[in-house]
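Worksheet: the structure to be examined is printed underneath.
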2 protein chains.
Amino acid sequence: MSSVPTNLLNNGAPAGAAGTSSPGTSPTFSPLYQQIKALITQSLQSGEWKPGELIPSEVELANRFKVSQGTVRKAIDELAAENLVVRRQGKGTFVATHHEARAQFRFLRLMPDAGDPHSADNKILDVKRLRAPAEVARQLDMKSGDSVIFIKRVQSFDGAPTIVEELWLPGLIFKGLTAERLIEYKGPMYGLFETEFGTRMIRATERIRAVAADAATAELLGVPAGAPLLSVERVSFTYGDKPVEVRRGLYLTDSHHYQNELS
Amino acid sequence: MSSVPTNLLNNGAPAGAAGTSSPGTSPTFSPLYQQIKALITQSLQSGEWKPGELIPSEVELANRFKVSQGTVRKAIDELAAENLVVRRQGKGTFVATHHEARAQFRFLRLMPDAGDPHSADNKILDVKRLRAPAEVARQLDMKSGDSVIFIKRVQSFDGAPTIVEELWLPGLIFKGLTAERLIEYKGPMYGLFETEFGTRMIRATERIRAVAADAATAELLGVPAGAPLLSVERVSFTYGDKPVEVRRGLYLTDSHHYQNELS
DNA sequence: TAGTGGTCTAGACCACTAT
DNA sequence: TAGTGGTCTAGACCACTAA
């Protein structure tokens, strides 16, 4: 069952050996802790340990992989830095989840100009299955015309509609996602994706521009057509850098701003 | 001269002692490596090691601070993660500098929609000394009316004017900054700040919005008044989280976008 | 009290760079 | 060849949590 997996680590065959035996064509040895990190990531990806759950202790993992605790520690350090995992002193290491206040703000950068961030009121306008447009297919690494789920929604803060957003999700992964499910679900959408569809968003890239509001969007946001809006186009990735969401948002930035840290 | 500084480390007085002697009012002990990190940061800040220079080796620092190499290592690991320092295997650890391609793109997120990033053509429109407006003074942690240097410039990519930017810098720190100096200087502005004024930008926060172009800016960018522009308001910080620059940019995002990574 | 992650040490060996 | 950062180990002790 959960027995020790067959480890293929180059523990007894240090990197130097590669240079001696087959210089130039060395099969890219990597440090032990990187291999451990990859093995742990595999277990996360396969669902052996689910979001929110406790993973085995450092000592146990060290025994399992036949390495020292320090090596496991360095592997987990990097996973924690990448937000795949959360350490808690005295308790253990947990698989990161979107069902936490912490994780929310990593993926919602729109902040009120004054006051504390608030939770959004979410209104689903449309959910349907359709064939992926060429551009979306390209971004999702699918073939043009493959089945995708399309969602359109409006988010309001303090009663004021602020974000109009369209989402495209791979139809195969999110099969069975319905408007009812989205509407009745409380909490962050990424939380639903994670618990209902086993797909956890790890990171995302965004392209931001200023655009003029089209008539339909303007009406939804209660602004004149042509008003300047922030266009945020996001591609989200899960384990293995696999793209699993395209999101195009139009943000009204009259009393909100997109907050970014350059560090 | 460069003798061993007086170390005030709680090496022999572990954190547990605080709980025993004065519980509740413990004077916040910190781990050794954090103290080492703070000491190294002080040396960076004071200019003991200048941008681009080699800092002492891990072994030497370990001897100087009377700790193990591993502890120094962990301190430097964090400094490297914060981009204050760059490690190079076999050579040593160097103080980070803005005179590198690497550092440029951390602070310039506007990318062409297609093609490689390019270097900007920089046109200085105005440089003058004035009294800080209230809002700028607040952001720079100065008193309203204190002297600041004001700069206005236009940046073009491939000959197309794309960014109109206004900067405010504390007059005391940047005394002697003239239009001539800015114009004749080749390379990134932060590089000039670092070498000529000893002030290195460490991190920055940005507030991004969509706004309509005013008449003057529209003319500079060659767009109609009212065209949507990306407004980027930046506050940059140097060592000790001290704000030393306010920058308000208006970006034309017709063929460029602001690129961001959520991770 | 037992188990967890967090800190610190000391030492070994490796890979890379320069001389 | 010497010196640097990079990896790995083994062991000690600490702080925190929960039973």
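In what follows, chains are A, B, ... by sequence order, proteins preceding strands, each numbered from 1.
Residues passing the side chain to side chain donor-acceptor pair (under 3.5 Å) test with Gln104(A): none are found, sequence neighbours excluded. Qualifying salt bridge (Lys or Arg N to Asp or Glu O under 4.0 Å) partners for Asp241(A), counting only residues two or more places apart in sequence or in other chains: Arg203(A). Checked against side-chain contact (heavy atoms from CB on, under 4.5 Å), Thr41(B) has the following partners two or more places apart in sequence or in another chain: Lys37(B), Leu79(B), Tyr239(B). Remark: Glu53(B) engages no residue in a salt bridge (Lys or Arg N to Asp or Glu O under 4.0 Å) (not counting sequence neighbours). Every residue was checked against the salt bridge (Lys or Arg N to Asp or Glu O under 4.0 Å) condition with Asp158(A), not counting sequence neighbours, and none meets it. By the salt bridge (Lys or Arg N to Asp or Glu O under 4.0 Å) test, Arg247(B) is found to be paired with Glu165(B), Glu245(B), residues two or more places apart in sequence or in another chain being considered.
Nearest to the side-chain atoms of Arg87(B) among the listed nucleotides dG6(D), dC8(D), dC8(C) stands dG6(D).
Atom CD1 in Ile40(B) sits about 11 Å away from atom P in dG5(D), given to the nearest Å. Here dC8(D) presents its P atom at 13 Å from CG of Asp77(A), a figure rounded to the nearest Å. Put simply, CG on Leu61(B) is 8 Å from P on dG5(D), counting in whole angstrom units. Spacing between atom CD1 of Ile76(A) and atom P of dT4(C) amounts to 12 Å, rounded to whole angstrom units. Atom pair Gln69(B):CD and dT9(D):P shows a separation of 17 Å (rounding to whole Å applied). Taking atom CG of Asn63(A) as the reference point, atom P of dG3(C) lies 13 Å away to the nearest angstrom. Between the C1' atom of dT7(D) and the NZ atom of Lys37(A) lies a distance of 15 Å, rounded to the nearest Å. Glu58(A) places its CD atom 21 Å from the P atom of dA2(C), with the value rounded to the nearest Å.
Residue Thr71(A) has no polar side-chain atom (N or O) positioned under 4.0 Å from OP1 or OP2 of dT7(D). Of the side-chain N and O atoms in Ser68(B), none sit less than 4.0 angstrom from OP1 or OP2 of dC8(C). For dG6(D), the OP1/OP2 oxygens have a side-chain nitrogen or oxygen of Arg73(B) closer than 4.0 Å. At the phosphate of dT7(D), OP1 or OP2 sits under 4.0 Å from a side-chain N or O atom of Lys74(A). Put simply, Ser57(A) has no side-chain N or O that comes within less than 4.0 Å of OP1 or OP2 on dG3(C).
Under the 3.5 Å distance criterion, with hydrogens and angles disregarded, a donor-acceptor pair is assigned to the side chains of Thr97(A) and Glu194(A).
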Can you give me the N/O atom pairs linking the protein to nucleotides 17-19 of chain D at distances under 3.5 Å, or say none if there are none?
from: dA18(D); atom 1: OP1; to: Lys91(A); atom 2: NZ; distance (Å): 3.4

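The stretch residues 102-112 of chain A participates, sequence neighbours left out, in these salt bridge (charged side-chain N to carboxylate O under 4.0 Å, His left out) pairs: Glu100(A)-Arg102(A).
Consecutive pairing runs in DNA chain D reach the stem threshold at C:1-18 with D:1-18, where a stem means at least three Watson-Crick or G-U wobble pairs with distances under 3.5 Å.
Under the 30°/60° scheme for interplanar angles, the aromatic rings of Phe193(B) and Phe197(B) are found to stand perpendicular.
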